[in-house]
Amino acid sequence: MTTRTAAQKLEWSEAKIWRIETGQTSLRSLDVEAMCKIYGAPSELVEPLTALARETKARGWWTGYSDVITEGFEVYIGLEEAARLLSTYENELVPGLLQTESYARALLAAGRPDATAAEIERRVQLRMARQALVTRSDSPLQLDVVIGESLLWHRVGGGEVAAEQLEHLRRMCDLPNVRIQVVPSDSGYHDGMETGRFVLLDFAEVAEGELTEPSVVYVEAFAGPVYLDKEHETARYRKAFAGIKAAASDARFVIEEARAGV
């Protein structure tokens, strides 16, 4: 049975199948039971395998924040953790991996008015913990970020918070594994006008031309996350990202200009 067929029968993404088969994610006993059924495993194997899943289930560090992780987002955190390169286009908000603590707190508080202060702090802590991927000394995540200029002028949290966020973005531009570009507000048409915000995740090669898992596009839709991993889907977004980058320029000057205007 091919990866695609298995994913279709289990109603999972191909990325999830790849992560399971390459040992990069753990399995719930219910998942094992579903796989046994789809694969036609002998009945006498089902219970021992599900028992193994219960006993050996690895826990990602983010499971400690399960109380504030929205449904489906834990998959993204796992993909982000395993990625080699993260390419993202954002036209409204500073990407989560580049947010300051104050900016994240102001943004989360405004977007979740019914949340308690304790819940907001937990969400801020989770976002800050994810950022360790970018600054770790061993194989830091490669970030290729394109943002819309207008988001630099949004005063999320007020002038002081905005100024701190812009200063942080300027410092991040100096990291060797981070590239930030800006699409000017007065630019003509570019592909981002149709795609909206998205993240393209690429993973390491285990052999020449052989990836540990296929590339994945993550789209944070209002109603919930969308994961696209079919080759024609990721190829389309990769082409769109190249088009957006062609309309963008280095972020340093524009960030400095925005800082001066705070």
Original post:
Are Arg179 and Val145 close enough, and set up right, to give a side-chain contact (heavy atoms from CB on, under 4.5 Å), and what steps lead you there?
Top reply: CA-CA 6 Å; Arg179 185 182 187 189; Val145 179; over 6 Å; no
Subject >> Tyr189/Glu194 under side-chain contact (heavy atoms from CB on, under 4.5 Å): CA gap, chis, key distance, verdict >> reply: CA-CA 9 Å; Tyr189 170 85; Glu194 294 194 38; 2.7 Å; yes
Subject >> Step-by-step side-chain contact (heavy atoms from CB on, under 4.5 Å) determination, Tyr65 to Gln125 >> reply: CA-CA 9 Å; Tyr65 294 93; Gln125 290 168 15; 3.9 Å; yes
Subject >> Test log, rule side-chain contact (heavy atoms from CB on, under 4.5 Å), inputs Ile147 and Val183 >> reply: CA-CA 6 Å; Ile147 57 179; Val183 177; over 6 Å; no
Original post:
Going through the checks in order, is the salt bridge (charged side-chain N to carboxylate O under 4.0 Å, His left out) test met by Arg123 and Glu119?
Top reply: CA-CA 6 Å; Arg123 291 181 181 277; Glu119 183 184 340; 3.1 Å; yes
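Taking each heavy atom of Ala15 and Asp229 in turn, the nearest pair found is N-OD2, 2.7 Å. Counting all heavy atoms, side chain and backbone alike, Thr2 lies closest to Thr5 at OG1-OG1, 2.8 Å. Residues Gln165 and Leu98 share a closest heavy-atom pair of NE2-O, 2.9 Å. What you find for Leu126 and Ile69 is that their closest heavy atoms are CD2-CG1, 3.7 Å. Across Val134 and Pro140, no two heavy atoms sit closer than the pair O-CB, 3.4 Å. Summarising the geometry of Met128 relative to Ala104, their closest heavy-atom pair is CE-CB, 4.1 Å, with the distance given to 0.1 Å.
Residue pairs meeting the salt bridge (charged side-chain N to carboxylate O under 4.0 Å, His left out) criterion with at least one member in residues 127-141, sequence neighbours excluded: Glu80-Arg130. Pairs of residues two or more places apart, or lying in two chains, that qualify as ring pair (Phe, Tyr, Trp, His ring centres under 6.0 Å) and include a residue from residues 231-262 are Phe198-Tyr237. Under the ring pair (Phe, Tyr, Trp, His ring centres under 6.0 Å) criterion, no residue pair touches residues 127-177, with sequence neighbours excluded.
Each of Trp62, Tyr76, Trp61 was scored for a side chain to side chain donor-acceptor pair (under 3.5 Å) with Glu81, with one residue passing: Trp61.
With values rounded to the nearest 0.5 angstrom, Glu90 atom CD is found 4.0 Å from Arg197 atom CZ. Here the straight-line distance linking atom CG of Leu49 with atom SG of Cys36 works out to 5.0 Å at 0.5 Å rounding. Here the straight-line distance linking atom CG of Leu201 with atom CG of Leu86 works out to 4.5 Å at 0.5 Å rounding. Note that the NE2 atom of His190 and the CG atom of Asn91 stand 8.0 Å from one another [nearest 0.5 Å]. Note that CD of Gln8 and CD1 of Ile38 are 11.5 Å apart. Values are rounded to the nearest 0.5 Å.
Grouping the Ile, Leu, Val, Met, Phe, Trp and Tyr side chains by contacts below 4.5 angstrom, directly or via other members, places Val217 apart from Ile17. Hydrophobic clustering, with ILVMFWY side chains joined whenever heavy atoms are under 4.5 angstrom apart, groups Leu143 together with Leu169. Both Val75 and Val216 are assigned to one and the same hydrophobic cluster, defined by single-linkage of ILVMFWY side chains at heavy-atom distances under 4.5 Å. Transitive grouping of hydrophobic side chains (ILVMFWY, heavy atoms separated by less than 4.5 Å) brings Leu97 and Tyr218 into a common cluster. Val46 and Ile20 fall into different hydrophobic clusters, defined by Ile, Leu, Val, Met, Phe, Trp and Tyr side-chain heavy atoms under 4.5 Å apart, directly or through other members.
Ion pairing of Arg236 with Glu233 is absent here, as no side-chain N (NZ or NE/NH1/NH2) approaches a carboxylate O to less than 4.0 Å.
Partners of Arg238 according to the side-chain contact (heavy atoms from CB on, under 4.5 Å) rule, which considers only residues two or more places apart in sequence or in another chain, are Leu200, Asp202, Ser215. Residues forming a side-chain contact (heavy atoms from CB on, under 4.5 Å) with Asp174 (at least two apart in sequence, or on another chain): Arg170, Arg252. Residues passing the side chain to side chain donor-acceptor pair (under 3.5 Å) test with Lys245, sequence neighbours excluded: Asp144, Gln181.
Other residues, nucleotides and ligands contribute over 12 non-hydrogen atoms within 6.0 Å of the CD atom of Glu44. Remark: Glu33 CD is loosely packed, at most 12 non-hydrogen atoms of other residues, nucleotides or ligands lying under 6.0 Å away.
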